[in-house]
Amino acid sequence: QLQFVESGGGLVQPGGSLRLSCVASGFTLDRYTVGWFRQAPGKEREGVACISPFGSSTYYADSVKGQFTISRDNTKNTVYLQMNSLKPEDTAVYYCATRAFAAVRDLCINTRSSTANTYWGQGTQVTVSS
């Protein structure tokens, strides 16, 4: 069964950095576009960064361009999200997800928490606060 497990979240001060990891099990990750999403309290889940199966193409939401970097290591079945210069507005639960046959931009822009045929991890909390 296809599963994701996210880790690396925590409490960080403004301006700090975190690296999130998303480990896949039950399938071979290199066939899938994968994205990182976040959901803040009272807000819809949004795509922040997505990456193609072999990492040749990426997409970033405008709100995180130049601040977040998505990468992957298919030998470890893992996708990463490096987050720098964190701000209080980056506080959210961060999820990784995939949807079969989704292109990079499509996955990030058109995926909602209720989108059919989307596989989600359980999420990891990121809190940016002094």
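Along the sequence shown, the residues carry numbers beginning at 1.
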Expected output: side-chain [X] to main-chain [Y] donor-acceptor under 3.5 Å:
| X | Y | value |
| --- | --- | --- |
| N77 | S25 | no |
| T58 | I51 | no |
| Q67 | N84 | yes |

Who passes side chain to side chain donor-acceptor pair (under 3.5 Å) against N117, sequence neighbours left out? none
Taking all non-hydrogen atoms of both residues into account, name the closest pair between [X] and [Y] and its distance.
| X | Y | answer |
| --- | --- | --- |
| R72 | G55 | CD-N, 3.9 Å |
| Q122 | V5 | OE1-CA, 3.7 Å |
| G47 | F37 | CA-CD2, 3.3 Å |
| E6 | C96 | OE2-N, 2.8 Å |
| A49 | L81 | CB-CD1, 4.0 Å |
| K65 | Y60 | CE-O, 3.4 Å |

Per-pair distances, 0.1 Å, donor-acceptor, side chain in residues 102-112, under 3.5 Å, sequence neighbours excluded:
from, atom 1, to, atom 2, distance (Å)
D106, OD1, N110, ND2, 2.6
D106, OD2, R99, NH2, 2.9
T111, OG1, R99, NH1, 2.5
T111, OG1, L107, O, 2.6
R112, NH1, I109, O, 3.0

So if you build clusters from Ile, Leu, Val, Met, Phe, Trp, Tyr with side-chain heavy-atom gaps below 4.5 Å, do [X] and [Y] land together?
| X | Y | value |
| --- | --- | --- |
| V48 | V12 | yes |
| V34 | Y59 | no |
| I70 | Y80 | no |
| L29 | V23 | no |
| V128 | M83 | yes |

Nearest 0.5 Å please: distance from the [atom1] atom of [X] over to the [atom2] atom of [Y].
| X | Y | atom1 | atom2 | result |
| --- | --- | --- | --- | --- |
| Y94 | C22 | OH | SG | 14.5 Å |
| L20 | T78 | CG | OG1 | 12.5 Å |
| S114 | E44 | OG | CD | 7.0 Å |
| D30 | S52 | CG | OG | 11.5 Å |
| F68 | R38 | CZ | CZ | 5.0 Å |

Qualifying residues under ring-ring contact (aromatic ring centres under 6.0 Å, His included), relative to F4, sequence neighbours excluded: F27
Criterion side chain to side chain contact (heavy atoms under 4.5 Å, CB included) on T33 and F101, from CA distance to verdict: CA-CA 8 Å; T33 294; F101 312 116; over 6 Å; no
Are K76 and S21 close enough that some pair of their side-chain heavy atoms sits under 4.5 Å apart? no
Using a strict 4.0 Å threshold on nitrogen-to-oxygen distance, state whether D90 and K87 make a salt bridge. no
